[in-house]
Amino acid sequence: MSRVAVPCHMKGTVALQVGDVRNALGRPGVQVIDVTFPSTAPFELQEITFKNYYTAFLSIRVRQHTSGHTPAKWVTCLRNYCLMPDPHSEEGAQEYVSLFQHQMLCDMASVLELRLILRQPSPLWLSFAVEELQIYQQGPKSPSMVFPKWLSHPAPCEQPIPLLEGLPDPGRVSSEVQQMWALTEMIRASHTSPRIGRFDVDGCYDLNLLSYT
């Protein structure tokens, strides 16, 4: 399925502080990022891609256009999606991630705005975020291919024209040749070798030998 990137704008990150903000132990454990689409009409979201940067869990809320005078509502479409199997280790910390429409908890049609909620419970990492965020919608359908009529409905196969008209049947010729070969073998087997005379040598007679007889 083809896809088209949707131009988006990421607002400033809002950090929710955990702990005492007056000392070094306090740190942001949750960050919220709003994503708007100022130059795009409400669209059907197909895919979200980004590069993780030490975010352990991701939740996404979507604001959708509604018909009539009903105000748009925020709906959670992804809840606590795990990006790092262990928040205290490096695994998955900087991986590229793709989230598709079928993974969402609600219908992704008529999208107006997204809200990304990033969570990192581990105190080992000084910061966390998502980078290279891309939003995609379904692209235009490819036009159907139109084939010529002669290609769509090929003519039936025609019988080949005989090239050797008037010649005898090959099967009959083969049978007669085989019979002639068998007859030749029979004649050769019944033929006896010629008798060699007493005084002939290679078919000739020696006069000296004949004079002594």
Side-chain angles (χ1 to χ4, degrees), residues 1-21 24-142:
M1 179 182 298
S2 62
R3 62 178 188 173
V4 176
V6 181
C8 62
H9 172 69
M10 296 178 63
K11 295 183 179 180
T13 302
V14 177
L16 304 181
Q17 195 73 21
V18 177
D20 189 354
V21 297
L25 295 179
R27 60 175 302 279
V30 179
Q31 294 186 5
V32 179
I33 304 174
D34 284 341
V35 183
T36 60
F37 310 93
S39 60
T40 305
F43 66 96
E44 181 176 357
L45 188 147
Q46 294 287 333
E47 184 181 356
I48 301 174
T49 65
F50 59 88
K51 182 182 180 182
N52 186 29
Y53 185 77
Y54 292 94
T55 298
F57 301 97
L58 172 65
S59 296
I60 301 178
R61 290 174 63 81
V62 59
R63 189 167 71 92
Q64 296 172 302
H65 175 74
T66 56
S67 59
H69 301 285
T70 306
K73 295 182 180 180
W74 286 96
V75 181
T76 299
C77 59
L78 190 70
R79 181 179 286 109
N80 293 329
Y81 185 82
C82 182
L83 300 176
M84 297 174 62
D86 181 5
H88 304 288
S89 68
E90 294 266 352
E91 184 181 358
Q94 299 187 57
E95 295 290 336
Y96 283 91
V97 180
S98 293
L99 299 173
F100 299 92
Q101 185 184 48
H102 68 270
Q103 297 176 266
M104 304 300 173
L105 302 175
C106 64
D107 184 20
M108 299 302 293
S110 302
V111 173
L112 293 172
E113 189 175 353
L114 291 178
R115 177 167 293 168
L116 310 181
I117 304 172
L118 319 180
R119 195 157 61 88
Q120 176 52 271
S122 175
L124 298 178
W125 320 116
L126 298 178
S127 62
F128 57 95
V130 293
E131 302 173 342
E132 304 177 24
L133 179 68
Q134 294 287 336
I135 309 296
Y136 295 95
Q137 64 177 336
Q138 182 177 353
K141 296 182 179 180
S142 302

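Everything quoted here is computed from the prediction, not taken from an experiment.
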**Message:** Quick check: do Ile48 and Gln103 have side-chain heavy atoms less than 4.5 Å from each other?
**Reply:** no
**Message:** If only side-chain N and O atoms count, and only distance matters, is there a donor-acceptor pair under 3.5 Å linking Thr76 with Arg61?
**Reply:** yes
**Item:** Beyond-backbone contact of Ile33 with Leu118, side-chain heavy atoms, under 4.5 angstrom
**Value:** yes
**Asked** So, Asp34 side chain and Met10 main chain: donor-acceptor pair closer than 3.5 Å or not?
**Response** no
**Non-hydrogen atoms of Leu78 and Tyr81 that approach each other most closely** = CD2-CB, 3.7 Å
**Message:** Closer than 4.0 angstrom, basic N to acidic O: yes or no for Lys51 and Glu95?
**Reply:** no
**Request:** Ignoring hydrogens and angles, state whether a donor on the side chain of Ser122 or His88 is under 3.5 Å from an acceptor on the partner side chain.
**Result:** yes
**Item:** Heavy-atom side-chain proximity of Ile60 to Arg115 below 4.5 angstrom
**Value:** no
**Request:** Mind running side chain to side chain contact (heavy atoms under 4.5 Å, CB included) on Leu116 and Val130 for me, showing each step along the way?
**Result:** CA-CA 9 Å; Leu116 310 181; Val130 293; 4.1 Å; yes
**Item:** Any donor-acceptor pair under 3.5 Å from Ser98 side chain to Thr49 backbone
**Value:** no
**Item:** Closest non-hydrogen atom pair between Phe128 and Val30, with its separation
**Value:** CZ-N, 4.0 Å
**Prompt:** Between Asn80 and Arg119, is any pair of side-chain heavy atoms under 4.5 Å apart?
**Reply:** yes
**Prompt:** Just wondering, do Leu45 and Ile135 contact through their side chains at under 4.5 Å, heavy atoms?
**Reply:** yes
**Complete:** Between Gln120 and Pro87 the two heavy atoms that sit nearest each other are OE1-CB, 3.4 Å
**Prompt:** Does the side chain of Cys106 come within less than 4.5 Å of Val62's, by heavy atoms?
**Reply:** yes
**Fill in**
Taken to the nearest 0.5 Å, the spacing of Glu131 CD from Tyr53 OH works out to 7.0 Å
**Message:** Whether the side chain of Thr40 engages the backbone of Val6 through a donor-acceptor N/O pair (distance < 3.5 Å, no angle test) should be reported.
**Reply:** no
**Prompt:** Tell me, do Gln46 and Arg3 make a side-chain contact under 4.5 Å, heavy atoms counted?
**Reply:** no
**Request:** Could you verify whether a donor N or O on one side chain and an acceptor N or O on the other, from Glu47 and Gln134, lie under 3.5 Å apart?
**Result:** no
**Message:** For the backbone of Asn52 and the side chain of Thr55, can you confirm whether one donor and one acceptor N or O come within less than 3.5 Å of each other?
**Reply:** no
**Prompt:** Looking only at heavy atoms, which two atoms of Glu44 and Gln101 are closest? And how far apart?
**Reply:** OE2-NE2, 2.8 Å
**Message:** Testing the basics here: between Trp74 and Leu114, what is the closest heavy-atom pair and its distance to 0.1 Å?
**Reply:** CZ3-C, 4.1 Å
**Residues forming a ring-ring contact (aromatic ring centres under 6.0 Å, His included) with Phe43, sequence neighbours excluded** = Phe37
**Item:** Side chain to side chain, Glu113 and His65, heavy atoms closer than 4.5 Å
**Value:** no
**Item:** Residues which pass ring-ring contact (aromatic ring centres under 6.0 Å, His included) with Tyr54, listed by chain and number, not counting sequence neighbours
**Value:** Trp125
**Request:** Locate the shortest heavy-atom distance separating Gln64 from Leu112; write the atom from each residue and the value.
**Result:** C-CD1, 3.8 Å
